[in-house]
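Report on the following structure.
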There are 2 protein chains.
Amino acid sequence: MKSETGSNSSARAPLSQERVLHAAVAVADQGGLESLTMRRLGEHLGVEAMSLYKHVASKDQILDGIIDIVVGEIDLPSPGTHWKTAMRQRANSARRVLTGHPWAIGMLESRNAMGPAALRYTDAVIGSLRGGGFSIELAAHAFWLLDSYIYGFVVQELSLPFPTDEKSASRATAETLPLDEYPHLVEMATEHVTSPDQYAIEFEFGLDLILDGLEKHRDG
Amino acid sequence: MKSETGSNSSARAPLSQERVLHAAVAVADQGGLESLTMRRLGEHLGVEAMSLYKHVASKDQILDGIIDIVVGEIDLPSPGTHWKTAMRQRANSARRVLTGHPWAIGMLESRNAMGPAALRYTDAVIGSLRGGGFSIELAAHAFWLLDSYIYGFVVQELSLPFPTDEKSASRATAETLPLDEYPHLVEMATEHVTSPDQYAIEFEFGLDLILDGLEKHRDG
DNA sequence: TTCTCTTGGCTTACTTAGTAATCCTACGGG
DNA sequence: CCCGTAGGATTACTAAGTAAGCCAAGAGAA
């Protein structure tokens, strides 16, 4: 098993900070944040845990790094696009990316260092709004509002059990609950359909409402 | 030091699940989530770590419990109030509570249990909307939209360095950044005033926009 | 009273984490 | 040919969650 003498062709690719961070994303994606340990990450890269420290300073730095990688996956508004289209696109892209890396959203509040991708993202969004005729003040408002909505929506979407676990949802709403204590909850659970793409519809509703409201502010 | 023989007056109050959970909130409040360890929690209660397990099943259960305690601190809309007033009140209350326990927001996505307080909260909000003339569908939309906004706003508010650390903010925006790479960011940082209660103003803006939009939907 | 449960605490010890300190080895330039 | 260094492995320390089992004090029952 240790026939790796000399210039064997299967000599593993050398580590690098980049490879470590991308591997960390992969590990977190498949096992969740709590499965991302230095030893497991090393294993994933065919390397001992301590070897990682030759490329990153600490686990904290890894955590900062993988957030920025995720943020970097969000599509930036392309310069020419109308602001409303651009905002809709980046909102949908952000939601897709964040739900695709469910561990990421929970880290946004704890680590406040904005990496390069986060800076680029923020700059592009504000730029798109300014280009769309928003004042500085209104652009700031719009940015806060839209980002709040996106983050919060994803937080809720991920914290609700529906998508992953069909039967736990019905059990939670139908059996476990003391039905008469929460009449409105029960009413909603029974009468409000919950289709697989309900979240997309729900997301669109709020997004449209916000974009329309912003447009009115811009024009009025 | 072990003079606690017999019916000493300073015999410590007996533990209980409630006392453990409230102590856990206190520990997390003063030291952050990562400072909440079983040993420290025990210390805080004058007890060994393992003794806690006579009252709670696991640390996970503690985490679920303290979230529900925090949610329970949010003011519920009082039944008689106009829906718009009620939503504004509970939004402000929720923001106040969540920023007061900064560790809480990051846990909302990971633990999906919904304790009794969360159920009560959800039920009351939906009830207020239904009472205000919202259809089931629109009440669901409104709930999602408002809660997304609140959660997301708090996430952003807590992840930005401004309030706690005055000089790190200016350093981050003024010195560390390669200024010309992020022109819009720089513009906003320089021209957009950031007063201490900026967050409250920012929050109001989005809240008003959303509430007005919802009202329009309800009436049209 | 005395014996025995039960309740609620303590002690010990095992596992898994992050990481400091140290060591080893192959390679590249003098 | 030698040696410094880069990039890996080894060992070991500390802190955390928690399983297992011990022990004291109070509440009934005989």
Side-chain angles (χ1 to χ4, degrees), chain A residues 1-25 27-28 30-67 103 106-107 110-111, chain B residues 1-25 27-28 30-67 103 106-107 110-111:
Chain A
M1 201 56 116
K2 47 177 52 186
S3 57
E4 303 275 300
T5 52
S7 54
N8 193 315
S9 69
S10 77
R12 76 192 149 214
L15 249 42
S16 70
Q17 182 163 45
E18 236 213 300
R19 280 199 57 209
V20 170
L21 292 180
H22 280 279
V25 170
V27 170
Q30 64 182 61
L33 239 208
E34 86 284 352
S35 88
L36 175 57
T37 70
M38 298 303 279
R39 295 179 222 266
R40 231 188 304 273
L41 179 53
E43 208 174 305
H44 196 85
L45 287 160
V47 132
E48 292 303 310
M50 285 312 293
S51 303
L52 302 171
Y53 285 93
K54 283 277 149 59
H55 303 275
V56 295
S58 63
K59 186 174 177 180
D60 256 21
Q61 186 189 312
I62 292 183
L63 296 181
D64 284 338
I66 61 179
I67 283 205
W103 45 268
M107 300 172 59
S110 48
R111 12 210 85 253
Chain B
M1 202 55 115
K2 47 177 52 186
S3 58
E4 302 276 298
T5 53
S7 54
N8 193 316
S9 69
S10 75
R12 78 193 147 211
L15 249 42
S16 70
Q17 181 161 30
E18 236 214 299
R19 281 200 49 201
V20 170
L21 292 180
H22 281 277
V25 170
V27 171
Q30 64 182 60
L33 238 208
E34 87 285 353
S35 87
L36 175 57
T37 70
M38 298 303 278
R39 295 179 222 266
R40 232 188 303 273
L41 180 53
E43 208 174 304
H44 196 83
L45 287 160
V47 133
E48 293 302 312
M50 285 313 291
S51 304
L52 302 171
Y53 286 93
K54 284 278 150 62
H55 302 275
V56 296
S58 63
K59 185 174 179 182
D60 256 21
Q61 187 189 311
I62 292 183
L63 296 180
D64 284 337
I66 61 180
I67 283 206
W103 44 269
M107 300 173 60
S110 49
R111 12 210 84 254

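Numbered from 1 within each chain, the chains take letters A, B, ... in sequence-line order.
- When rounded to the nearest whole Å, the span between CZ of A:Arg19 and C1' of D:dG7 equals 13 Å.
- The residue A:Ser51 sits close to a base: some heavy atom pair falls under 4.0 Å.
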Under 3.5 Å, which protein N or O atoms sit close to an N or O of nucleotides 4-7 of chain C? Give each pair with its distance.
none

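- For B:Leu15, the side-chain atoms get nearest to C:dG9 when compared with the rest of C:dA17, C:dG9, D:dG8.
- Protein atom CG of A:Leu52 is 18 Å distant from nucleotide atom P of D:dA6, rounded to whole Å.
- In this structure, CD of B:Glu34 is placed 16 Å from C1' of D:dG17, rounded to the nearest angstrom.
- Taking the side chain to side chain contact (heavy atoms under 4.5 Å, CB included) definition, one finds that A:Gln61 meets it with A:Gln17, A:Val56, A:Ala57, A:Ser58, sequence neighbours left out.
- One axis for each end of the helix from C:dT1-D:dA30 to C:dG30-D:dC1, each built from five base pairs, and the angle between them comes to 20° at 10° resolution.
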Enumerate the protein-to-nucleotides 12-15 of chain C contacts in which both atoms are nitrogen or oxygen and the separation is below 3.5 Å.
none

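- When the side-chain nitrogen and oxygen atoms of A:Arg40 are compared with OP1 and OP2 of C:dA17, one or more of them lie within a distance under 4.0 Å.
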**Asked** Do A:Val47 and A:Leu41 pass the side chain to side chain contact (heavy atoms under 4.5 Å, CB included) test, and can you show the C-alpha distance, the side-chain angles, and the key distance before you say yes or no?
**Response** CA-CA 8 Å; A:Val47 132; A:Leu41 179 53; over 6 Å; no
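- For DNA chain D, none of the residues of residues 57-67 of chain A falls under the heavy-atom distance limit of 4.0 Å.
- Of the inter-residue distances, the one linking B:Met107 atom CE with B:Leu33 atom CG reads 5.5 Å to the nearest 0.5 angstrom.
- Separating the CG atom of B:Leu36 from the P atom of D:dA15 is a distance of 17 Å, rounded to the nearest angstrom.
- With sequence neighbours left out, the side chain to side chain contact (heavy atoms under 4.5 Å, CB included) criterion links B:His44 to B:Ala23, B:Ala26, B:Val27, B:Gln30.
- Put simply, CE on A:Met38 is 12 Å from P on C:dA17, counting in whole angstrom units.
- For B:Arg111, the salt bridge (Lys or Arg N to Asp or Glu O under 4.0 Å) partners two or more places apart in sequence, or in a different chain, are B:Asp60, B:Asp64.
- A heavy-atom distance below 4.5 Å is found between the side chains of B:Ile62 and B:Met38.
- Counting only residues at least two apart or in different chains, side-chain hydrogen bond (donor to acceptor under 3.5 Å, both in side chains) contacts with residues 46-55 of chain A are absent.
- A:Glu48 has its CD atom 16 Å from the C1' atom of C:dA21, to the nearest Å.
- The shortest non-hydrogen separation linking A:Gly42 to A:Leu52 is N-CD1, 3.8 Å.
- Taking only side-chain atoms of A:Lys54, from C-beta outward, the nucleotide of D:dA9, C:dT19, C:dA17 with the closest atom is D:dA9.
- In this structure, B:Leu33 places its CG atom 14 Å from P of D:dA16, rounding to the nearest Å.
- For B:Arg39, the salt bridge (Lys or Arg N to Asp or Glu O under 4.0 Å) criterion is met by no residue, not counting sequence neighbours.
- One atom, NE2 of B:His55, and another, P of D:dT18, lie 16 Å apart when rounded to the nearest Å.
- No side-chain heavy atom of A:Leu36 sits under 4.5 Å from any side-chain heavy atom of A:Trp103.
- Distance check, rounded to the nearest 0.5 Å: CZ of B:Arg19 to CG of B:Leu21 gives 11.5 Å.
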